[in-house]
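Presented below is the structure to which this report refers.
Side-chain atoms are counted along with the backbone in the values below, which use heavy atoms only and exclude waters and symmetry mates.
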Amino acid sequence: AKELTEELGAEPRELIELGALHPDTGILAQAAVLYAARIDEVGKVERGEGIRRARAFTFTEAERMAASGAVTDAFTIAALFRARQADLAS
C-alpha cells in the first residue's frame, strides 16, 4: 500500500495477496510477495521513480499486452496470472 501511495498517489480500497514469487533463485534467495490492489483513481505520479505516466487498462487488455510481448516485466506477468487464478479478473 505504501508503494501505491508514494509512487502513484493512489489509496487502495483493498489489497489482495497473490502469493510469493522467487524472481531468480540463482541470484536472490528471498521471495517477493505479489499483491493486487483495487483503487479508484491515480493521483500524482512520482517521476523520481522512473515512472513517466500512469495509464489504466482493463484486466483483459493487460493480459493481451503480456501475451503479445508488449508487457515484459516478470512481476507484472506473474501477478496477472495469479490474479486470474484467484478469479480476480472480473
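Follow the hydrophobic side-chain contacts under 4.5 Å out from Leu8 and you never reach Phe75; the two are in separate clusters. Val71 and Phe57 fall within a single hydrophobic cluster, where Ile, Leu, Val, Met, Phe, Trp and Tyr are joined by side-chain heavy atoms under 4.5 Å apart, directly or via other members.
Here the side chain of Arg47 pairs a donor or acceptor atom with the backbone of Arg52 at under 3.5 angstrom. Not a single donor-acceptor pair under 3.5 Å links the side chain of Glu6 to the backbone N or O of Glu3. At least one donor-acceptor pair under 3.5 Å links the side chain of Thr5 to the backbone N or O of Ala10. A donor-acceptor pair under 3.5 Å is absent between the side-chain atoms of Thr72 and the main chain of Gly69, judged by distance alone.
Residue Glu61 comes nearest to Thr58 through the heavy atom pair OE1-N, 2.7 Å, listed as atom of the first residue, atom of the second, then distance.
Annotation: side chain of Ile16 is not in contact with side chain of Tyr35 (no heavy-atom distance under 4.5 Å). Side-chain atoms of Ile51 and Glu7, non-hydrogen and from C-beta on, do get closer than 4.5 Å to each other. Inter-residue side-chain proximity for Val45 and Arg53 is flagged as unmet; no heavy-atom pair is nearer than 4.5 Å. In this structure the side chain of Arg55 never reaches within 4.5 angstrom of the side chain of Val42, judged on heavy atoms. Between Arg82 and Leu80, every side-chain heavy-atom pair lies at or beyond the 4.5 Å cut-off. Residues Leu18 and Val33 form no side-chain contact, since every pair of their non-hydrogen atoms from C-beta on lies 4.5 Å or further apart. Counting only heavy atoms from C-beta outward, the side chains of Glu14 and Ile39 never approach each other to under 4.5 Å.
Annotation: the span from Arg84 atom CZ to Glu63 atom CD amounts to 4.0 Å, rounded to 0.5 Å. Here the straight-line distance linking atom CE of Met65 with atom OG1 of Thr76 works out to 10.0 Å at 0.5 Å rounding.
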Criterion side chain to side chain contact (heavy atoms under 4.5 Å, CB included) on Leu34 and Glu17, from CA distance to verdict: CA-CA 6 Å; Leu34 301 174; Glu17 185 174 327; over 6 Å; no
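Counted within 6.0 Å of CZ on Phe81, heavy atoms from surrounding residues, nucleotides or ligands total 12 or fewer; the atom is thus considered open. Around atom CG of Asp24, more than 12 heavy atoms belonging to other residues, nucleotides or ligands sit under 6.0 Å away.
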